[in-house]
Amino acid sequence: PPVDFIQEFRVQSLNSDAELGGGSGGFINLVTKSGTKDFHGTLYDYLRNNELDSRNTFQPTIPVFRQNQFGFSVGGPAYIPKLYPQRNRTWFFVSYEGFRRRQAASGLGRVASDAQRSGDFTGLATIYDPASTRPNPTNVN
């Protein structure tokens, strides 16, 4: 759940109580917020982008990066005039959180030379079968 939706939490580890099934491991107990007699709410938007990022050493430009985390929470009395007038008996609390991320990926690769593409691997380390158990199959020890 979104952070604004949690009123309190408790982390329990290595419990062997009967109420938790007698198993070992961890449990997280959450208590969510409820509405009150007055309306309350929050609205937030956390934005990150590439305007303040530095350039990677091997890249000519800064790649695109946009991250947006947004949401709201609102709570209060459930009151519908002439239909449900019990203002102090029923409350509501609603929360929503969204996350959007757009990031350009870049990588550094190696391209084979013309000689290597034609099968000439002179000057490189010895090529061997990686499925064999010895690093150098011609070396019998």
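For the single chain, residues carry numbers from 1 onward in sequence order.
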Residue pairs passing the salt bridge (Lys or Arg N to Asp or Glu O under 4.0 Å) test where at least one lies in residues 42-59, sequence neighbours excluded: none
Residues two or more places apart in sequence or in another chain: which of them pass side chain to side chain contact (heavy atoms under 4.5 Å, CB included) with F72? L43, V74, V94, Y96
Cluster partners of [X], using ILVMFWY side-chain heavy atoms under 4.5 angstrom, listed by chain and number?
{"X": "F5", "answer": "F93"}
{"X": "F9", "answer": "I6, V11, I28, L30"}
{"X": "L52", "answer": "none"}

Just by distance, no angles: are the side chains of D120 and T122 close enough, under 3.5 Å, to form a donor-acceptor pair?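 Per modelled atom types, D120 and T122 side chains form a pair under 3.5 Å.
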For R117, give me all partners under salt bridge (Lys or Arg N to Asp or Glu O under 4.0 Å), at least two apart in sequence or on another chain.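 By the salt bridge (Lys or Arg N to Asp or Glu O under 4.0 Å) rule, R117 matches D114.
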Side-chain donor-acceptor contacts of residues 62-69 below 3.5 Å, not counting sequence neighbours, with atom names and distances?
residue, atom, partner, partner atom, Å
R66, NH1, N50, OD1, 2.5

Roughly how far apart are F39 CZ and W91 CH2, rounded to 0.5 Å?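 Spacing of CZ (F39) from CH2 (W91) equals 12.5 Å.
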With [X], which residues qualify under side chain to side chain donor-acceptor pair (under 3.5 Å), at least two apart?
{"X": "R100", "result": "none"}
{"X": "S113", "result": "none"}
{"X": "S95", "result": "none"}
{"X": "Q103", "result": "R101"}

Minimum heavy-atom separation for F121 to Q116, with atom names?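 Heavy atoms of F121 and Q116 come nearest at CZ-O, 3.6 Å.
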